[in-house]
Amino acid sequence: MMDTELKRAILIDHYQKPHNHGLVEDARYKMKHQASSSCIDDIKVQLDIEGDIVKDVRFDGVGCTISTASTSIFSDLIKGKKRAEALEMIEQYYRLLKGEAGDYEDLEEAQAFETLYAQPNRVKCGLIGVEAMEELIRESYEK
Amino acid sequence: MFDVEKIRNDFPMIRNHPEIIYFDSAATAYKPQPVIDAVADFYNYRTVNVHRGDYPLSFEASRLYEDTRKVMKKFINARSEKEIVLTYGATSGLNIVAYSYGHFNLKEGDVVLTSYLEHASDILPWFKTCEMTGAKIEYVPLTEDGHLTVENFEKAMHEGVKVVALTFVSNVLGYELPVKEICRIAHSYGAIVAIDGAQAVPHAIVDVQDLDCDFLAFSSHKMCGPSGAGVLYGKYELLDKMNAFLFGGGANARFDKEGNIILKEAPYKFEAGTPNIEGTLGMKAAAEYLMNIGMENIVAYDRELQKYFSEKMLALDNIEYYNPKADVGLVTFNVKGIFAQDAASYLAANRIDVRSGNHCAKILWNAIGATETLRASLYLYNTKAEIDRFIEVLRDITLEKCVGVLL
Ligand SMILES: Cc1ncc(COP(=O)(O)O)c(C=O)c1O
């Protein structure tokens with residue numbers, strides 16, 4: 001388990017100073033707009049995928065600590081990764097949010113969400129941005 | 001005498017969850033024992049359908065069910081029981097008006113005048129009616145703090161307006177609209193006025209004859225009754241001329257194989273299908289319960305709590321407080337630097353139940369400039385001690401603590 005104070009610091013840091021924040025106007029980036037139907041989170045995610053590599057991630061929008069921090073953390077995590085690696089991390093993260101036991105070292109700061117499963121009404125906040133990333137990567141295979 | 005401790009004893013939810021401060025009554029209210037007994041009585045002793053069956057229990061159940069109209073007539077001071085349509089709630093009543101009145105009376109270019117204060121249930125039906133008829137929506141401008149004034153209404157009113165569709169009390173800001181003046185002005189232009197009474201009927205003295213509104217829809221569950229039941233009040237001469245909304249059993253007098261239908265009279269023609277009998281009986285018990293306490297006492301207590309609450313809120317400097325002038329016990333705010341849902345989770349961890357979000361009024365935010373808020377809404381069973389506790393928790397709230405409850 002990650003230390004509680006460390007988790008708190010990670011979340012607040014990413015919430016107050018999100019990484020890869022702000023959208024860009026560039027045709028290489030594909031965008032997904034995720035608006036939650038059950039809460040107010042409303043987030044846009046952009047991915048620049050070149051060949052097999054996730055070159056860049058950007059996002060913007062209104063969100064709570066969980067949705068902002070999880071999107072920010074994952075934007076760091078998958079940037080520069082091969083698509084399959086990024087998808088594998090996302091799958092791991094979904095298992096983490098279900099509360100499944102396992103080794104989540106690879107998820108680095110995203111381990112801060114290891115007890116989020118205990119707040120079922122907030123799990124969706126942790127998914128909103130990451131699901132957008134997953135969809136954008138999957139769609140990139142279709143072309 | 002209004003004795004809140006005695007009232008609290010009537011509510012099993014309070015006895016069964018003494019640890020919870022329930023500040024979400026604008027979403028749905030707790031139910032007192034007599035309401036629960038009325039529902040259970042139907043299940044235990046009178047489970048039969050109404051308006052059919054030649055046996056004594058069916059007569060008895062029908063009589064009790066029909067009695068609801070008398071009680072609800074008294075509750076809102078309608079002229080006649082025939083003006084009380086028993087519905088599934090405010091949403092179903094508002095849809096009946098938009099469809100059964102709107103579709104058949106509006107034409108291209110006509111205007112439905114409404115406001116940014118409306119709940120989705122009072123505006124989406126009118127969007128659809130406008131789409132089908134070619135009528136259009138116009139909005140009465142609100143003042144800077146979200147009030148809808150008589151002056152602004154008067155300015156927005158014109159010959160083209162055929163329907164005025166407004167809420168009586170805003171579910172986000174708790175302001176009461178000047179419905180009586182609105183009706184007078186609208187009628188002078190020949191428009192009809194349909195009122196969403198979902199928040200007003202539980203928290204204000206609503207007298208439809210005095211207001212002179214043409215329609216008023218409200219829900220049982222916000223006035224301590226069961227959910228899935230409600231009332232649509234309509235002036236009889238309007239109801240009488242309207243088409244039905246749902247067609248089916250119970251609402252027709254006869255029909256033939258060619259498709260000729262003779263509908264029953266109002267209000268029955270609007271009540272096709274087996275109704276929510278137990279819910280309606282519970283609503284009757286709720287109206288009787290509130291009338292026994294006295295709506296004037298409930299309103300006075302509600303205003304007293306509002307005043308107490310708003311003074312305490314104004315003294316906090318970490319809070320953005322949007323409606324210190326609310327007319328009902330409803331407080332809408334944000335904690336500076338903390339997202340509404342995070343603050344709500346923290347309050348919930350402290351066993352205080354409030355609502356966060358946009359409260360189904362997704363267009364109001366243009367007016368008050370916040371996309372999401374927290375809303376603490378009170379009712380007759382809440383106390384000043386609960387407000388004190390709430391303020392104490394709010395005073396010490398920090399982002400660190402909010403994140404802490406998620407770890
Ligand atoms: C102002 C207002 N109108 C309409 C409704 C809809 O009521 P119901 O969901 O009971 O049909 C609500 C309930 O949230 C409300 O607050």
Side-chain angles (χ1 to χ4, degrees), chain A residues 1-18 21 33-44 60-73 96-97 99 104 109-129, chain B residues 20 22 24 27-28 119-121 124 171-172 318 320 322 332-375 396-407:
Chain A
M1 290 288 275
M2 202 183 228
D3 172 66
T4 305
E5 283 316 310
L6 178 59
K7 286 198 251 186
R8 192 196 311 265
I10 291 171
L11 294 191
I12 290 181
D13 221 41
H14 279 276
Y15 175 62
Q16 291 184 328
K17 291 188 240 61
H21 197 248
H33 182 186
Q34 301 280 96
S36 160
S37 54
S38 54
C39 68
I40 38 245
D41 294 329
D42 186 327
I43 282 185
K44 287 182 177 139
D60 208 346
V62 216
C64 62
T65 45
I66 304 292
S67 61
T68 306
S70 60
T71 309
S72 173
I73 290 170
L96 177 86
L97 290 195
Y104 294 104
E109 289 184 322
Q111 292 173 87
F113 298 106
E114 65 193 353
T115 50
L116 190 61
Y117 70 90
Q119 315 258 350
N121 62 325
R122 299 304 298 276
V123 169
K124 63 183 187 307
C125 310
L127 288 171
I128 184 165
Chain B
I20 294 178
Y22 184 65
D24 199 16
T28 202
H119 185 279
S121 293
L124 303 195
N171 66 312
V172 183
N318 59 340
E320 203 89 63
Y322 301 104
T332 299
F333 65 99
N334 265 309
V335 184
K336 290 178 190 164
I338 302 179
F339 200 71
Q341 207 183 0
D342 293 322
S345 284
Y346 180 70
L347 290 171
N350 283 280
R351 306 319 304 260
I352 297 172
D353 293 354
V354 300
R355 178 82 169 266
S356 76
N358 52 37
H359 317 293
C360 292
K362 297 188 196 251
I363 52 183
L364 175 61
W365 310 109
N366 308 345
I368 71 168
T371 49
E372 65 291 314
T373 59
L374 292 130
R375 178 186 73 184
D396 295 336
I397 195 169
T398 58
L399 184 59
E400 284 70 21
K401 286 185 182 171
C402 290
V403 169
V405 304
L406 301 165
L407 304 175

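Residue numbers begin at 1 in each chain, while the letters A, B, ... track the order of the sequences. For the numbers below, each heavy atom of this structure counts, side chains included, while hydrogens, waters and symmetry mates do not.
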Worksheet entry | B:Asp342 and A:Arg122, any side-chain heavy atoms less than 4.5 Å apart | yes

Review point. Does the B:Gln341 side chain pair with the main chain of A:Ile66, one donor and one acceptor, at a distance under 3.5 Å?
Key: no

Heavy-atom nearest pair, A:Arg8 first then B:Glu400, reads NH1-O, 2.6 Å

Determine whether A:Thr68 and B:Phe339 make a side-chain contact, defined as any pair of heavy atoms from C-beta on separated by less than 4.5 Å. no

When the 4.5 angstrom heavy-atom criterion is applied to A:Phe113 and chain B, the contacting part is neither

The interface call for A:Gln16 against chain B, heavy-atom contacts under 4.5 Å, is side chain

The reported gap from CG in B:Leu399 to CD1 in A:Ile12 (rounded to nearest 0.5 angstrom) is 4.5 Å

Heaviest contributor of heavy-atom pairs below 4.5 Å to chain B, chosen from A:Gln119, A:Glu114, A:Glu5, A:Met2, is A:Gln119

The interface call for A:Ala9 against chain B, heavy-atom contacts under 4.5 Å, is neither

Which of A:Leu11, A:Thr4, A:Ile10 passes side chain to side chain contact (heavy atoms under 4.5 Å, CB included) with B:Val403? It is A:Leu11

